[in-house]
Number of protein chains: 2
Amino acid sequence: MSSEASVSEPRRRGRPPRDQSHPNAPRARLLRTGVAILTEKGFSAVGVDEILASADVPKGSFYHYFGSKEAFGLALIDAYAAYFARKLNRWFDDAERAPLERLRDFIADARSGMARHGYRRGCLVGNLGQEMGALPEPFRMRLAAVFRDWEMRTSRCLRAAQAAGDIPKGIDCDSLAHFFWIGWEGAVLRAKLERRPDALDVFARGFLAMIQANDMGPRR
Amino acid sequence: MSSEASVSEPRRRGRPPRDQSHPNAPRARLLRTGVAILTEKGFSAVGVDEILASADVPKGSFYHYFGSKEAFGLALIDAYAAYFARKLNRWFDDAERAPLERLRDFIADARSGMARHGYRRGCLVGNLGQEMGALPEPFRMRLAAVFRDWEMRTSRCLRAAQAAGDIPKGIDCDSLAHFFWIGWEGAVLRAKLERRPDALDVFARGFLAMIQANDMGPRR
DNA sequence: GATTTTCCAAGCCGATCGGTCTAATAAATC
DNA sequence: GATTTATTAGACCGATCGGCTTGGAAAATC
């Protein structure tokens, strides 16, 4: 019925939309500084004005690009999920490394990322998840979906390790990936609280020892 | 120099302080409802007025008992830590049960506690820890100290299990208790996000399998 | 140059924030 | 009853909250 948006419109009339992929465009800048601030302080504790001041963007622009603070938060989740998916791909798809080494590489990268910010920034998804009781309901499904996505990618990596013989056959890699992300988020939370990497190291070491336990037990 | 407070003052002049141990006293009621609300929504997202309305206490009383919202938050942490320490004692000191069973009992109790509130309430300490970036600095040390206390109590229980032969000798129970609380808080966070107990179950099962792995591995 | 649309800029709104203040009331001693 | 202290009660304050509004500048088409 209504005129469908064709793949390539013949032309638009007025001023064309700014290329928002440019990293210095206001929208992209808002998302970047938004992630930086919210990974540190969460959603409820941060006012729109603080983000505006930090990104040096006037209020009019904010409500031009995002309909509300809630809409902005949802866009932040998407941006963070996309950023993190690229990061996971980079490590988990590195054919040069043994599968289990890829997991170690990711862990080391995440650890140094937290160190770089003085252990003040955590994980956006974990942060917002903890705040869920005070957040608009649409956040819940998106956050849960992001975790599922990360676990899927991790499970693939673990299955590759299993195929390589680095993880005992009987283990269910989906459950193991689930276990990893449950605990890893706890470790990130704790590292942020203590401003120290200890929790990351303790969990990572325990997890890796766990999946190789059968190799470390008494040999037959 | 100054008149020291003797063990038993001869008498006070005016109206004596109300017995605040009475569970219906305003101060106790504020702490109770404060824990209930903050375990669900956190600190920053909750206004003093909301707590006042829910506890049915006027603002004057609040600022009579607590100097500020921050002071109230610190008192909440102490109250919650005391409540939780009693809970841990109840389970971990139950001489009727095998040490490892005591840990299982605690886990089951915590799980049913979350279920009772529809998985809407998490752990106050974990919640505030995640918010730390937006919280007054004094919160940090208290929260970290609470975790250390819980881990100490847990480690004692694990050592008892080790003495009973239910955990392999070589394992360091302090590290293991640390690992447990890092991951358990992650599981609580996740269960709250998903409003399901799955994360609690996955982590608990994984953890328990982990400490008994050597018994499950190939026998010599 | 007129028109159309995008984007920038900021003043302003009502609501809510944490916190203060004053007055009244209650419960004890003197 | 006078005094002293504890507690209740809520109006009120300036600041900040998320969000709306209006106006104009910029960039394209016609």
Side-chain angles (χ1 to χ4, degrees), chain A residues 5 8-22 24-31 33-34 37-38 41-76 131 134-136 138-139, chain B residues 3 5 8-22 24-31 34 37-38 41-76 131 134-136 138-139:
Chain A
S8 96
E9 294 274 353
R11 262 308 188 181
R12 293 300 314 275
R13 275 301 300 283
R15 173 178 176 171
R18 180 197 274 258
D19 175 15
Q20 291 298 344
S21 65
H22 188 302
N24 218 357
R27 193 186 133 93
R29 215 160 63 238
L30 284 169
L31 290 175
T33 67
I37 294 180
L38 264 67
K41 304 192 189 178
F43 186 81
S44 306
V46 175
V48 174
D49 290 347
E50 180 179 348
I51 297 163
L52 263 33
S54 177
D56 198 33
V57 164
K59 209 159 194 176
S61 298
F62 181 89
Y63 282 96
H64 171 69
Y65 290 109
F66 309 99
S68 65
K69 191 193 178 189
E70 171 177 345
F72 178 65
L74 292 172
L76 275 188
E131 281 188 83
L135 260 39
F139 281 58
Chain B
S3 70
S8 95
E9 294 273 354
R11 263 308 187 179
R12 294 298 313 277
R13 277 298 301 281
R15 173 176 177 173
R18 180 197 274 259
D19 176 16
Q20 290 298 343
S21 65
H22 188 301
N24 217 357
R27 194 186 133 93
R29 214 161 62 239
L30 283 170
L31 290 176
I37 295 180
L38 265 66
K41 306 193 188 178
F43 186 80
S44 307
V46 175
V48 174
D49 290 347
E50 179 180 349
I51 297 164
L52 264 31
S54 176
D56 198 34
V57 163
K59 209 160 196 176
S61 297
F62 181 89
Y63 282 96
H64 172 69
Y65 291 111
F66 307 99
S68 65
K69 191 192 180 190
E70 171 177 344
F72 178 66
L74 292 172
L76 275 188
E131 281 188 81
L135 259 37
F139 280 58

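Every chain is numbered from 1, with letters handed out A, B, ... down the list of sequences.
Per the geometry, CZ belonging to B:Phe62 stands 17 Å off C1' belonging to C:dC21, to the nearest Å. Between the NE2 atom of B:His64 and the C1' atom of D:dT7 there is a distance of 5 Å, rounded to whole Å. When the C1' atom of D:dT7 is taken as reference, atom CG of B:Leu30 falls 13 Å away, rounded to whole Å. Atom CG of B:Asp49 and atom C1' of D:dC13 are 13 Å apart (whole Å). When rounded to the nearest whole Å, the span between CG of B:Leu52 and P of D:dG10 equals 11 Å. Rounded to whole Å, the distance from CZ on A:Phe66 to P on D:dC20 is 16 Å.
At least one side-chain nitrogen or oxygen of A:Tyr65 sits closer than 4.0 Å to the OP1 or OP2 atom of C:dC8. Residue A:Tyr63 places no side-chain N or O under 4.0 Å from the OP1 or OP2 atom of D:dC20.
The two residues A:Leu30 and A:Phe66 have their closest heavy-atom pair at CD1-CE1, 3.8 Å. When every heavy atom of B:Gly67 is checked against every heavy atom of B:Ala71, the shortest pair comes out as N-CB, 4.0 Å. Annotation for A:Ala55 and A:Thr33: closest pair CB-OG1, 3.4 Å, computed over non-hydrogen atoms.
Side chains of B:Tyr65 and B:Leu31 form no contact here, defined as non-hydrogen atoms less than 4.5 Å apart.
Among the nucleotides D:dC17, D:dG19, C:dC17, the one closest to the side chain of A:Lys69 is D:dG19.
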I'd like a list of close polar pairs between nucleotides 9-15 of chain C and the protein, N/O only, cut-off under 3.5 Å.
none

Which atom pairs, one a donor and one an acceptor, fall under 3.5 Å between side chains of residues 41-54 of chain A and the rest of the protein, sequence neighbours left out?
| residue | atom | partner | partner atom | Å |
| --- | --- | --- | --- | --- |
| A:Lys41 | NZ | A:Glu50 | OE2 | 2.9 |
| A:Ser44 | OG | A:Glu131 | OE1 | 2.9 |
| A:Asp49 | OD1 | A:Lys59 | NZ | 3.0 |

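Checked against side-chain contact (heavy atoms from CB on, under 4.5 Å), B:Pro136 has the following partners two or more places apart in sequence or in another chain: B:Glu70, B:Pro138, B:Phe139.
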